[in-house]
Every structure is written in C-alpha cells, then in structure tokens.
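All remarks here apply to the structure that follows.
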Amino acid sequence: MPKTGIWYEALTILAQLRQKNPQDTALQAEWRNLLSSIRLDDIVAEPILSDKP
C-alpha cells in the first residue's frame with residue numbers, strides 16, 4: 001500500500017473515533033499531532049462533519 005493510502009486510512013479511522021468520543025483528550029492530541037505533521041494546524045479545531053443527515 002502506498003504511503004498516501006496509509007495516511008488516508010489513519011485520518012479516516014482517527015476522525016471516526018473522534019466523532020464517537022468527542023471528549024477523549026488522547027484522541028484530540030493524536031488528531032492535533034496528525035494534522036500538525038502535514039502542516040494543517042489551522043484546521044485542528046474545526047469540527048468533523050458527519051455524512052449522516
């Protein structure tokens with residue numbers, strides 16, 4: 001699997017976990033670290049939208 005596939009998978013899984021556990025500080029830290037690693041610090045605090053109505 002290419003590196004980008006692994007990154008997208010990690011992003012998706014972490015986003016899903018954060019949606020299910022929005023108060024989990026460990027997940028918040030992992031999210032911040034992941035986005036910071038690719039210089040997306042400015043969107044760390046943005047809400048994760050659900051595709052559910």
Side-chain angles (χ1 to χ4, degrees):
M1 179 180 293
K3 285 183 182 181
T4 54
I6 292 169
W7 189 88
Y8 286 119
E9 186 175 333
L11 182 68
T12 300
I13 291 169
L14 195 50
Q16 290 169 344
L17 288 170
R18 285 198 64 225
Q19 282 181 316
K20 292 178 184 175
N21 306 291
Q23 301 304 318
D24 188 320
T25 56
L27 289 174
Q28 291 171 7
E30 289 298 327
W31 182 253
R32 187 172 39 258
N33 289 339
L34 180 63
L35 293 181
S36 294
S37 74
I38 56 165
R39 298 185 186 123
L40 290 177
D41 303 278
D42 55 334
I43 65 167
V44 167
E46 296 296 323
I48 298 174
L49 301 177
S50 173
D51 59 352
K52 297 177 185 174

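Model, not experiment: these values are computed from the prediction.
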Counterpart residues, side-chain contact (heavy atoms from CB on, under 4.5 Å), relative to Asp24 (two or more places apart): Asn21, Ala26, Leu27
Of all pairs that satisfy side chain to side chain donor-acceptor pair (under 3.5 Å), the ones with a partner from residues 31-43, not counting sequence neighbours: Ser36-Asp41
Partner of Glu9 under side-chain contact (heavy atoms from CB on, under 4.5 Å), chosen from Ile6, Leu11, Ile13, Thr12: Ile13
By side-chain contact (heavy atoms from CB on, under 4.5 Å) - contacts of Gln28 (at least two apart): Arg18, Thr25
